[in-house]
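Taking it in order: structure first as structure tokens, then the write-up.
Predicted model only: the values in this text are computed from it and were never measured. Lettering follows sequence order; numbering is per chain, from 1.
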2 protein chains.
Amino acid sequence: MVKITDVARSAGVSPSTVSYVLSGKRSISAATRQRVEASIRELGYRPHAGARALASSRSNVVALVMPLRSGVHVPVQMQFAASVVTTARAHDHDVLLLTQEEGEDGLRRVADSALVDALVVMDVQLHDARIPLLRSLGLPSVLIGFPAEAAGLTCIDLDFTATGAECVSHLARLGHRCVALLGSPPEVYARDTGYARRTAAGFTAAARRYGMTSTVLPCAPGAPAARETVDRLLREHPDLTGVVVHNEPALGPLLEAFQRAGLRVPEDLSVVALCPDELAEGADVPLTSVALPAAEVGERSVDLLMAKLAGREVPDATLLPPQLTERASTAPRAHVNRLPTSTDCGAR
Amino acid sequence: MVKITDVARSAGVSPSTVSYVLSGKRSISAATRQRVEASIRELGYRPHAGARALASSRSNVVALVMPLRSGVHVPVQMQFAASVVTTARAHDHDVLLLTQEEGEDGLRRVADSALVDALVVMDVQLHDARIPLLRSLGLPSVLIGFPAEAAGLTCIDLDFTATGAECVSHLARLGHRCVALLGSPPEVYARDTGYARRTAAGFTAAARRYGMTSTVLPCAPGAPAARETVDRLLREHPDLTGVVVHNEPALGPLLEAFQRAGLRVPEDLSVVALCPDELAEGADVPLTSVALPAAEVGERSVDLLMAKLAGREVPDATLLPPQLTERASTAPRAHVNRLPTSTDCGAR
DNA sequence: CCTTCGAGTCGAAGCGCTTCGATAACGGGG
DNA sequence: CCCCGTTATCGAAGCGCTTCGACTCGAAGG
């Protein structure tokens, strides 16, 4: 193994000079720098990560805590992870993979042993047991998702409130007057998930602004439940012409249930989905949708982390604006003129 | 930060004794051990990973090289990753996540900087550029998949030859006499993928053993290509009653094409798929299938790695036996008595 | 002309841990 | 009773790097 003293000898300088060439923390004359860099290349020198971590108390590794078997759409998670790794590498950091199951002990372990400098925690719940720990750990961290008590923590996610609103706007621009949000199963609203409520809030508020009739209906998984939900919806709102579906597993069954109820998409019913683009594109009628921008979330979270590591101030909350992609499942409300303001709707 | 000298002082022993309690590399009296362990717990001591790595030249981290954006079924990759992380943790190791894109430089980097002790490399191609590097790196590694020149490398994968054979056996037991393997697109066979050929070889050999008529047909992705393949297959083999599909993206289109051609599954045609269980279960007619045992591959690869790290000898090749799960898509050939040997077919 | 300052370099002191003798205490065989 | 082999423990020497203070040298300022 070639070490810093070998490089130093070969370049005719002291080890500390080599170190300063590498870190840039002190000025080095151009001539020396070049000699050192040549020696490094020639010898194929790579600093020993452990030694470096010990001396500098920086490991240049960030932990990524992933829900490795959860229900969240897995390709989206992958995209996120890929983006985290790529961005971290761009900042000269590596990524240590932790599973959700390791839990609080795992976080404490990697933090206390100085294995990592910082943490990215995915899939944060409203009342997440890890929150107090993260506060006390003394390592910079970024959370994907917003817990109930987010003050002092750095959190990032899609802006679900704006997403709910954006879907309504889109339908409003198409002339729809009566819309519904088909959301997660009831237990999700009750449970620890902030995004469901925020979407609903944005949806409802926007509908009120537009003077539209709106409902929010939870929807259990499974085809029978979907049929039931649809039946009830159409019974209670016979003039419904637009729905927003924020429930990935129920999406297919719901669409089928609408079809079975005699509604064609988009002629009789416009549908906006909150789901990955692949899913929206793959549907029988390609769906107008808002996707979770996983790659961007990953990149931004690492950027935030690096800023914190550099001692810079970062905002507590980062909300990414929704991007609605118009596809075939939404159309102007039949027999109604499009509103005069109707324009392109955000598909970029 | 609490360090080993703190523990030593608190327990009234020397730092080296604490170290030996932790590592078990020298005998320690029960009394001393207990005092030390109590101090460790009391102070919440965690060895500094960097210091440990420096002194012991062991980082207790393994690298996992993943194709983070590839075409392989993503949930299967996730399952694999989860299994690797969990198993590694059980051996007191952590997992560093690398992307395929980091390539050879990435491997060299983490190896030379002693960031990791060992490597798990997924998605190994027949002529993988990383093979020579892995040989020269001096770190233990395990490859998922078999390169052309595997001698001296530790490789593990599903036994695709046996898989091809097992599918044929299943069909044979059901009385089928004329079968086809619908495989990957032509370029995959030409290109760098060992498993496609091995499946085909096992398939063909088994068919010969059973005295069956058999064909292997590549299949391009997309519905039109699927229809074309099916048309050709039925034209050339009018008495075909069983097919094995080893091509995940083409699976749906192929099934549709068969239906369109007037063949009902399983009444007119028995279908065996090589695909994840979820996909097989989710099909209109649940498919008899052989799944890639991702969790087991992950666990076994880490076990192999740990054995190598411990200096034990391990087999070069580990081939996991296929597990065929019988579902609704295969049935006895119509108007033909089941073979007398017909029994339960391997669904466990 | 002497001081001051910054740029550039070096030497040495650790960072927290492991590990290799060395040492001591203690039985047991000759 | 002495020597030897265990067993249990300690002290010290690093592991390879970063970083801090100190030093030198030349240029700029008074």
Arg46(A) CZ to Arg109(B) CZ distance, which is reported to the nearest 0.5 Å: 8.0 Å
dC17(D) OP1/OP2 closer than 4.0 Å to side-chain N/O of Ser56(A): no
Taking CG from Leu115(B) and C1' from dG16(D), how many angstroms apart are they, rounded to a whole number? 14 Å
Atom pair CD/CG of Glu102(B) and Leu107(B) - distance to nearest 0.5 Å: 8.5 Å
From CG of Leu22(A) over to C1' of dT18(D), roughly how many Å is that when rounded to an integer? 11 Å
Distance, rounded to the nearest Å, where Asp112(A) contributes CG and dG16(C) contributes P: 14 Å
If we ignore angles and hydrogens, is there a donor and acceptor under 3.5 Å between the side chains of His91(B) and Asp303(B)? yes
Spacing between Arg58(B) atom CZ and dT19(C) atom C1', to the nearest angstrom: 15 Å
Taking 4.0 Å as the cut-off, does a side-chain nitrogen or oxygen of Thr32(A) come that near to OP1 or OP2 on dT9(C)? yes
Can Lys3(B) and Asp6(B) be counted as an ion pair, charged N to O under 4.0 angstrom? no
NA contact type, Ser29(B), heavy-atom cut-off 4.0 Å: base, sugar-phosphate, or nothing? sugar-phosphate
Check the phosphate of dT18(D) against Arg52(A), side-chain N and O only, distance under 4.0 Å to OP1 or OP2. Yes or no? yes
Before accepting this row, confirm whether a basic side-chain N of the pair Glu313(A)/Lys308(A) lies closer than 4.0 Å to the acidic partner's carboxylate O. no
Just the rounded figure in Å: distance from P of dG16(C) to OH of Tyr20(B). 20 Å
If I take atom CD1 in residue Ile4(B) and atom C1' in nucleotide dT9(D), what distance separates them, rounded to the nearest angstrom? 14 Å
OP1 or OP2 of dC10(C) under 4.0 Å from side-chain N/O of Ser14(A): yes
Quick one: Met1(B) CE to dC15(C) P, roughly how many Å, whole number? 12 Å
Just to confirm, is there a sub-4.0 Å distance from OP1 or OP2 of dC17(C) to any side-chain nitrogen or oxygen of Tyr45(B)? yes
Looking for any heavy atom pair under 4.0 Å, which part of the strands does Ser19(B) touch: base, sugar-phosphate only, or nothing? base
Side-chain N or O of Ser16(B) less than 4.0 angstrom from OP1 or OP2 on dT19(C)? no
Axis-to-axis angle for the helix from dC1(C)-dG30(D) to dG30(C)-dC1(D), ends of five pairs each, to 10°, equals 50°
Quick one about Ser19(A) and Ser16(A) (side-chain donor to acceptor, distance below 3.5 Å, no hydrogens or angles considered), yes or no? no
Which one, dT9(D), dA7(C), dT18(D), comes nearest to the side chain of Ala55(A)? dT18(D)
Under 4.0 angstrom between Lys25(A) side-chain N/O and dT19(D) OP1 or OP2: yes
Could you check Thr17(A) against Leu54(A) and say which one's nearest nucleotide on DNA chain D is further toward the 5' end? Leu54(A)
Just checking Ser57(B): base, sugar-phosphate only, or nothing, at a heavy-atom cut-off of under 4.0 Å? nothing
When rounded to whole Å, the NE2 to P distance for the pair His48(A) and dT18(C) reads 14 Å
Look at the side chain of Arg26(B) and the base of dG21(C), then say whether one donor and one acceptor between them are separated by less than 3.5 Å. yes
Going by the side-chain contact (heavy atoms from CB on, under 4.5 Å) test, name the single residue among Leu304(A), Asn60(A), Asp117(A) that passes it with Leu309(A). Asp117(A)
Say whether Ser29(A) and Thr32(A), considering side chains only, have a donor N or O and an acceptor N or O under 3.5 Å apart. yes
Winner on side-chain proximity to Ser27(B), out of dC10(D), dT9(C), dT7(D), is dT7(D)
